[in-house]
Protein chains: 4
Amino acid sequence: MTDINEPTPTATPKRADARRNEQTLLDAAAALFVTSGVEVPVRDIAAKAGVGTGTIYRHFPTRADLIIAVYRHQVEGCAEAGPALLSSSASPYAALRQWTGLFVDFLTTKHGLAAVLRTDNDEFKALHAYFLGRLVPVCTALLSAAVEAGEVRSDIEAQELMRGVGSLCIGASDPHYNARRMVDLLINGLRHG
Amino acid sequence: MTDINEPTPTATPKRADARRNEQTLLDAAAALFVTSGVEVPVRDIAAKAGVGTGTIYRHFPTRADLIIAVYRHQVEGCAEAGPALLSSSASPYAALRQWTGLFVDFLTTKHGLAAVLRTDNDEFKALHAYFLGRLVPVCTALLSAAVEAGEVRSDIEAQELMRGVGSLCIGASDPHYNARRMVDLLINGLRHG
Amino acid sequence: MTDINEPTPTATPKRADARRNEQTLLDAAAALFVTSGVEVPVRDIAAKAGVGTGTIYRHFPTRADLIIAVYRHQVEGCAEAGPALLSSSASPYAALRQWTGLFVDFLTTKHGLAAVLRTDNDEFKALHAYFLGRLVPVCTALLSAAVEAGEVRSDIEAQELMRGVGSLCIGASDPHYNARRMVDLLINGLRHG
Amino acid sequence: MTDINEPTPTATPKRADARRNEQTLLDAAAALFVTSGVEVPVRDIAAKAGVGTGTIYRHFPTRADLIIAVYRHQVEGCAEAGPALLSSSASPYAALRQWTGLFVDFLTTKHGLAAVLRTDNDEFKALHAYFLGRLVPVCTALLSAAVEAGEVRSDIEAQELMRGVGSLCIGASDPHYNARRMVDLLINGLRHG
DNA sequence: GATGAATGAGGCTTCATTCAT
DNA sequence: AATGAATGAAGCCTCATTCAT
């Protein structure tokens with residue numbers, strides 16, 4: 001910071017051990033999120049990662065930061081799949097349906113993630129913003145194409161649709177409930193009216 | 001016992017003050033459920049009602065008992081509306097759609113109730129059971145009638161549908177989200193095989 | 001007590017229902033003391049007796065009063081057995097040993113009573129006083145006779161001995177412990193000086 | 001790590017402040033156990049030690065852990081005294097008597113400890129187990145030696161004897177009661193039969 | 001940078017006791 | 001007299017977060 005030869009003028013590059021730690025933390029958190037939900041105690045994550053709790057706070061000041069980091073790769077993958085599907089599918093509606101399926105697959109394998117996305121708890125505001133900010137534009141493109149192709153009604157917005165899909169994925173672990181079927185119904189419902 | 005006008009011959013009627021207190025409690029709880037969700041601390045409810053915490057435990061041994069009591073009237077009303085709509089509506093499907101609308105109206109005006117219904121927290125098991133036990137049969141009747149009339153697909157069960165509807169009502173207070181529209185989509189999606 | 005004339009000229013005689021209630025209470029308390037110890041919640045006793053808690057407090061202002069009342073008959077019986085044994089036994093020491101046996105029988109069949117007798121909790125002061133006041137003189141007579149007969153050492157006081165016996169009866173329900181054997185040891189130890 | 005003076009190479013040594021705190025806690029607990037018994041509220045101990053309640057739970061997850069830690073030194077001392085007395089005393093019986101005296105000294109200076117040892121409260125199971133596990137073997141050795149020397153009767157087991165001794169130490173603070181004298185009686189009583 | 005010890009607010013629940021009905 | 005509703009003090013325990021080492 002005070003060195004005139006500073007290699008990266010803006011950000012100091014992370015030390016190797018810090019980077020290693022960060023990955024360890026992400027792995028531990030991901031594992032615990034699956035088994036205990038994203039509200040698992042910080043100490044449990046620290047213990048699983050073999051670090052102190054302070055280390056978590058250094059790398060991820062808020063829980064939302066940690067959750068975002070854990071799922072960033074998959075969210076990115078989902079976002080990138082949108083345009084790809086649009087160009088490879090038989091119709092925009094088919095692409096929309098397939099893309100929605102990917103999103104459902106992602107959410108339903110993350111115990112508790114869907115629930116937290118729908119919470120209006122301040123703690124998760126940033127998480128919320130990240131998810132929608134990254135995925136709404138993708139969904140909008142798919143939806144618009146389907147509308148323009150005359151396949152679906154035009155009065156639904158992508159953001160709302162995504163929230164609906166997200167909501168339907170809450171509690172997907174219940175054996176008496178099948179989120180995918182419900183989402184299929186929802187997407188099917190886009191066709192009339 | 002011999003008096004034809006005897007209101008409650010067997011059970012001792014509740015003392016007037018106790019009944020008053022119970023109502024005060026229900027009102028306080030209902031108000032706090034709206035502003036702070038159904039997980040609001042017991043002490044807050046007691047404070048708002050102007051009673052001691054023990055009084056709450058006397059009337060409602062578990063939190064689920066309290067929540068059920070708060071919403072009982074409306075759940076009963078919703079349950080009773082099912083058969084009525086079936087006989088008064090133009091078609092079973094129309095009745096189903098209207099009934100679903102009532103359910104959505106109920107849920108979306110109870111901040112946090114839909115969320116708690118989807119929680120798998122043990123604390124709410126009884127609540128869960130009460131809601132489903134009371135409403136699933138009603139929904140089943142409506143759905144079956146619509147299936148028999150050939151209006152909707154036959155592979156969806158009432159319980160699943162209700163959970164879907166319930167899920168879509170989570171976070172309905174968000175201005176960017178309209179639970180009713182999403183539920184309409186879902187019900188719409190029931191048509192077609 | 002059996003006097004045909006007014007038994008208590010000053011106090012208003014108890015109403016029949018009050019007397020009946022009192023007995024019901026004693027029975028209920030006795031039963032619960034056996035199964036749950038003498039510290040069982042007041043409400044449990046009231047419930048078992050089918051009365052309100054207030055009724056208990058009216059009849060027995062403190063818990064000690066209730067305990068004393070419950071055991072009065074047996075304590076009296078034990079007290080009266082002392083002189084009887086002294087005159088019927090082969091020797092004062094034999095009488096002392098037998099009498100101690102009666103006391104042990106009494107205590108060990110009252111789950112928790114021995115413990116509460118040894119507590120220095122203020123709540124039980126009166127209980128304490130009653131037991132000792134009634135039984136110490138009896139024990140003193142037995143012990144003195146044995147001392148005078150040259151059968152046991154003379155430096156032990158009845159009160160102390162009774163407390164020792166009482167202590168040894170604590171936890172008598174434990175299968176690895178036999179209060180009677182320990183008390184035998186203690187009494188045996190009185191010989192020699 | 002490469003320092004030849006490294007004190008504990010494998011286990012991370014406790015931080016100095018933690019160790020200090022632990023001692024402070026033990027001291028505070030010991031003091032309060034004396035004045036208020038071992039069931040004194042956790043918050044009181046924390047307050048006396050000048051720490052938060054969480055600190056107590058960190059160091060001693062259960063109350064039994066805390067009690068054991070408080071008395072560990074003295075229990076160990078008592079346990080170690082057994083064999084020593086056996087080899088230095090004039091006779092096994094004399095050793096037994098002396099050892100019992102040590103045990104009594106220990107218990108009678110710990111207000112409420114004897115009582116809790118006799119409680120069948122689950123909370124104290126571990127405490128119980130620790131005491132008996134550590135001291136019964138010692139007592140067994142002493143008792144067996146005395147039996148083999150023909151000094152005492154052979155039908156009493158160490159565990160039972162220890163419980164008896166423990167029981168006699170309950171309420172030792174009462175000026176009208178002398179636990180030591182009662183225990184002497186008990187040990188004396190071992191000689192016949 | 002990393003650690004993990006300490007903090008202490010915050011929630012739940014039980015019961016002895018009082019007192020309006 | 002009897003009732004039992006209401007009170008509210010007490011205790012327990014968990015965890016997010018800070019900060020000395």
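Quick note on labels: first sequence line is chain A, next is B, and so on, each numbered from 1.
- Spacing between atom CD of Q23(B) and atom P of dA6(F) amounts to 13 Å, rounded to whole angstrom units.
- Between R63(D) and the phosphate of dC13(F), there is no side-chain N or O to OP1/OP2 separation shorter than 4.0 Å.
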TODO: For the pair V70(D) and F33(D), evaluate side chain to side chain contact (heavy atoms under 4.5 Å, CB included) and give the outcome as yes or no after the intermediate values.
DONE: CA-CA 9 Å; V70(D) 165; F33(D) 286 176; 3.9 Å; yes

Review item, side-chain donor-acceptor pairs of residues 43-54 of chain B, under 3.5 Å, at least two apart:
none

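- Side chain of R63(A) to backbone of V40(A): a donor-acceptor contact under 3.5 angstrom is found.
- Atom CD of E22(B) is separated from atom C1' of dG4(F) by 15 Å (rounded to the nearest Å).
- D27(C) contributes no side-chain N or O that, together with a main-chain N or O of T24(C), makes up a donor-acceptor pair within less than 3.5 Å.
- Between N21(B) and dA5(F), a side-chain N or O to OP1/OP2 separation shorter than 4.0 Å is absent.
- A straight line from CD of E123(A) to C1' of dT17(F) spans 12 Å, rounded to a whole angstrom.
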- [ ] Go through the steps for L26(D) and L66(D) under the test side chain to side chain contact (heavy atoms under 4.5 Å, CB included), then give the verdict.
- [x] CA-CA 8 Å; L26(D) 289 175; L66(D) 176 56; 4.2 Å; yes

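- Atom CG in L25(A) sits about 13 Å away from atom P in dG4(E), given to the nearest Å.
- Between the P atom of dT18(E) and the CZ atom of R58(B) lies a distance of 16 Å, rounded to the nearest Å.
- Taking a pair as Watson-Crick or G-U wobble with both distances under 3.5 Å, the runs of three or more consecutive pairs in DNA chain F are E:2-21 with F:2-21.
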Open item on the list: Before you tell me yes or no, could you show the steps for I68(B) and F60(B) under side chain to side chain contact (heavy atoms under 4.5 Å, CB included), namely the whole-Å CA-CA distance, both residues' side-chain angles and the distance that decides it to 0.1 Å?
Closed with: CA-CA 10 Å; I68(B) 291 173; F60(B) 309 102; over 6 Å; no

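- Residue F60(A) contributes atom CZ, which lies 15 Å from atom P of dT17(F) at whole-angstrom precision.
- The side chain of H59(C) contributes no N or O atom lying less than 4.0 Å from OP1 or OP2 of dA1(F).
- Proximity of residues 33-46 of chain D to DNA chain F (heavy atom under 4.0 angstrom from any strand atom) is restricted to P41(D), V42(D), R43(D).
- Straight-line distance from the CD1 atom of I67(A) to the P atom of dA16(F): 12 Å, rounded to whole Å.
- Between F131(B) and Y71(B), the ring-plane angle classifies as perpendicular under the 30° and 60° cut-offs.
- The stretch residues 124-131 of chain C has no heavy atom under 4.0 angstrom from DNA chain E at all.
- Contacts of residues 49-57 of chain D with DNA chain E (heavy atom under 4.0 Å): G50(D), V51(D), G52(D), T53(D), G54(D), T55(D).
- Between the CG atom of D65(A) and the C1' atom of dA16(F) there is a distance of 15 Å, rounded to whole Å.
- Using a 4.0 Å heavy-atom criterion, one finds that R20(D) contacts no nucleic acid atom at all.
- Between V42(A) and Y57(A), the closest heavy-atom pair is CG2-OH, 3.6 Å.
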Open item on the list: Run H59(A) and L25(A) through side chain to side chain contact (heavy atoms under 4.5 Å, CB included) and show every step you take.
Closed with: CA-CA 9 Å; H59(A) 286 278; L25(A) 271 174; 4.0 Å; yes

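- In this view, E39(A) satisfies the salt bridge (charged side-chain N to carboxylate O under 4.0 Å, His left out) rule with no residue, not counting sequence neighbours.
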